[in-house]
Colleague: 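Mind looking over this structure? Questions follow.
None of the values given here were measured: they were computed from a predicted structure.
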Amino acid sequence: MKKVTIIGAGSVGSTIAYTIALQGQASEICMIDINTAKAEGEAMDIRQGSPYFSASKIYSGDYSDAVDSDCVIITSGIPRKAGQSRLELAQTNVNVMKDIAPKITKYAPNAIYIIVSNPVDVMTYAFYKASGIPEERIIGSGTTLDTARLRSRLGEIFNVTQKSVHAYVFGEHGDSSFVTWSCANISNIPVDKYKTSIANYIHECPELDKNEVEDYIRKSGGRIIERKGATFYAIAVSVCEILKALDRSINTNLCVSTMMHGEYGIEGCCLSTLNAVGRNGVAGKVLVPLSPEEEVLLQKSAACLKEIIDKLEV
């Protein structure tokens, strides 16, 4: 990818910029923040390490410097505090998004937009409403992070590399999310059968406690915030995974937040299901055959988000 603009130079935005630079995913990175000194300092710090990774132009600027961006990543907003739900942030950060949208789209009307700000599903919906950008070029990071947490946890439980784990988290990036256990597998073996499928294995596998796994996923963000004040490493890598998909000539299936138009009986909100993501943004939704119980959970997650949206000035 040629040029990426990141709006928001806080912990998340700066770590995304650093990860993009380290992985050589863009030849040009522009950082924009209302705190111009912070953006300047972060860009300078990353740039000074550039002799030891792929060459790229890294700088801070204002909205006009976003011209010709291939991708814009929005991380701006008030960060979540310990004990605070993502949805409690909603109106404050929606107002921030409504302010940003016309300013950035004026200069980068053809970019693909990745929304990371929380509550991400509400913010993705707000950007869709405020920006006028075609929806296939608006991607919420959604449960990409939750899915990474799920695969990480299952890898730990079964003592297997996370790359062999194929499982997804659907719904809201928050308390109403859920694991699509009906299609979760390890190397094509359903997770429920994996333990009994291993012969002569030297490691002891514990029983899979699905409630513990889902609780781990939902509470990980809060637990990290309690301990270190913010989460930024895993979300940065997750966003970079989306960015990689946008730079490929073939599609990658990812759990990202997009506008729903009747899929699974849901419309009028953004939430995470499996999407084919490629060079032009979202190529289409991949309709995973969910169990009846999972479809109900997805509809409940959508209802939770729509209840919040109905109370906001979007």
Side-chain angles (χ1 to χ4, degrees), residues 4-8 32 63 66 69-78 86-87 89-145 170-174 176-177 235 238-239 242-243 245-246 254-286 298-299 301-314:
V4 175
T5 292
I6 300 170
I7 302 179
I32 301 171
Y63 289 106
S69 293
D70 297 293
C71 181
V72 175
I73 301 169
I74 302 179
T75 71
S76 297
I78 305 302
R86 292 177 181 89
L87 294 180
L89 290 172
Q91 188 64 65
T92 298
N93 283 352
V94 163
N95 292 342
V96 172
M97 185 63 76
K98 287 164 66 177
D99 179 65
I100 289 172
K103 294 177 180 177
I104 186 61
T105 55
K106 175 182 177 181
Y107 295 103
N110 299 315
I112 295 172
Y113 285 80
I114 301 176
I115 312 302
V116 184
S117 309
N118 273 320
V120 67
D121 303 290
V122 175
M123 297 290 274
T124 303
Y125 179 85
F127 184 80
Y128 167 77
K129 287 293 186 180
S131 68
I133 296 295
E135 63 181 85
E136 64 270 16
R137 290 197 277 117
I138 302 172
I139 302 171
S141 58
T143 59
T144 308
L145 172 58
F170 273 32
E172 171 209 355
H173 175 53
S176 66
S177 66
I235 183 59
S238 299
V239 170
I242 300 172
L243 200 61
L246 297 176
L254 295 171
C255 265
V256 291
S257 186
T258 57
M259 182 64 72
M260 302 294 286
H261 295 288
E263 300 87 0
Y264 303 107
I266 298 166
E267 57 185 332
C269 70
C270 295
L271 50 63
S272 288
T273 59
L274 202 60
N275 286 260
V277 180
R279 185 154 289 175
N280 297 315
V282 177
K285 289 183 171 61
V286 181
L298 188 60
Q299 289 162 2
S301 190
C304 174
L305 287 165
K306 290 173 76 172
E307 183 180 355
I308 297 298
I309 289 169
D310 289 343
K311 295 176 182 177
L312 298 174
E313 295 180 16
V314 179

Colleague: What are the two closest non-hydrogen atoms of Ile7 and Tyr63, and how far apart are they?
Modeller: CD1-CE2, 3.9 Å
Colleague: How long is the gap from CG on Asp121 to CG on Asn118, to the nearest 0.5 Å?
Modeller: 8.5 Å
Colleague: Would you name the heavy atoms of Leu254 and Ile242 that are closest together and state the gap between them?
Modeller: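 Looks like CD1-CA, 3.9 Å.
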Colleague: Would you say Arg137's side chain and Asn280's backbone share a donor-acceptor pair under 3.5 angstrom?
Modeller: no
Colleague: Kindly say whether Phe170 contributes a backbone atom to a donor-acceptor pair with the side chain of Ser177 at under 3.5 angstrom?
Modeller: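 Judged by distance alone, no pair lies under 3.5 Å.
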Colleague: Any donor-acceptor pair under 3.5 Å linking the side chain of Ser117 with the backbone of Ser76?
Modeller: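 Yes, because the side chain of Ser117 sits within donor-acceptor range (under 3.5 Å) of the backbone of Ser76.
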Colleague: Run through Glu136, Lys285, Glu263, Glu135 and flag the one making a side chain to side chain donor-acceptor pair (under 3.5 Å) with Thr258.
Modeller: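 Single pass found, and it is Lys285.
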Colleague: Which pairs count as ring pair (Phe, Tyr, Trp, His ring centres under 6.0 Å) when at least one residue sits in residues 102-121, sequence neighbours excluded?
Modeller: Tyr113-Phe127
Colleague: Using residues 306-314 as the side-chain source, report each donor-acceptor pair under 3.5 Å to any protein atom, sequence neighbours left out, with the distance given to one decimal.
Modeller:
residue : atom : partner : partner atom : Å
Lys306  : NZ   : Glu267  : O            : 3.0

Colleague: CE of Met259 to CG of Leu271: how many Å apart, nearest 0.5 Å?
Modeller: 10.0 Å
Colleague: Quick check: does any side chain N or O of Thr124 sit under 3.5 Å from a backbone N or O of Val120, one acting as donor and the other as acceptor?
Modeller: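 Such a contact is found between Thr124 side chain and Val120 backbone.
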Colleague: Report the distance from atom OG of Ser238 to atom CD1 of Ile114, rounding to the nearest 0.5 Å.
Modeller: 11.0 Å
Colleague: Taking Asn93 for the side chain and Ile78 for the main chain, is one N or O donor matched with an acceptor at less than 3.5 Å?
Modeller: yes
Colleague: Measure across Ser141 and Val239 and return the closest heavy-atom pair with its distance rounded to 0.1 Å.
Modeller: CB-CG2, 4.4 Å
Colleague: At what distance, to the nearest 0.5 angstrom, does CG of Leu298 lie from CE of Met260?
Modeller: 6.0 Å
Colleague: Which pair of heavy atoms, one from Ile32 and one from Ala66, lies closest together, and at what distance?
Modeller: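 So the two residues come closest at CD1-CB, 4.4 Å.
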Colleague: Measuring from atom OG of Ser131 to atom CD1 of Ile138, what distance do you get when rounded to the nearest 0.5 angstrom?
Modeller: 4.0 Å
Colleague: Taking the side chain as every heavy atom from C-beta outward, state whether Ile74 and Met123 have any pair of such atoms under 4.5 Å apart.
Modeller: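 Sidechains of Met123 and Ile74: no contact.
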Colleague: Where do Gly281 and Leu246 come nearest, in terms of heavy atoms and distance?
Modeller: CA-CD2, 3.9 Å
Colleague: Can you see which heavy atom on Ser272 is nearest to which on Ser257, and at what distance?
Modeller: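 Scanning both residues completely, I find the closest heavy atoms to be OG-N, 3.4 Å.
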Colleague: Rounded to the nearest 0.5 Å, what separates atom CD1 in Ile104 from atom OG in Ser69?
Modeller: 6.0 Å
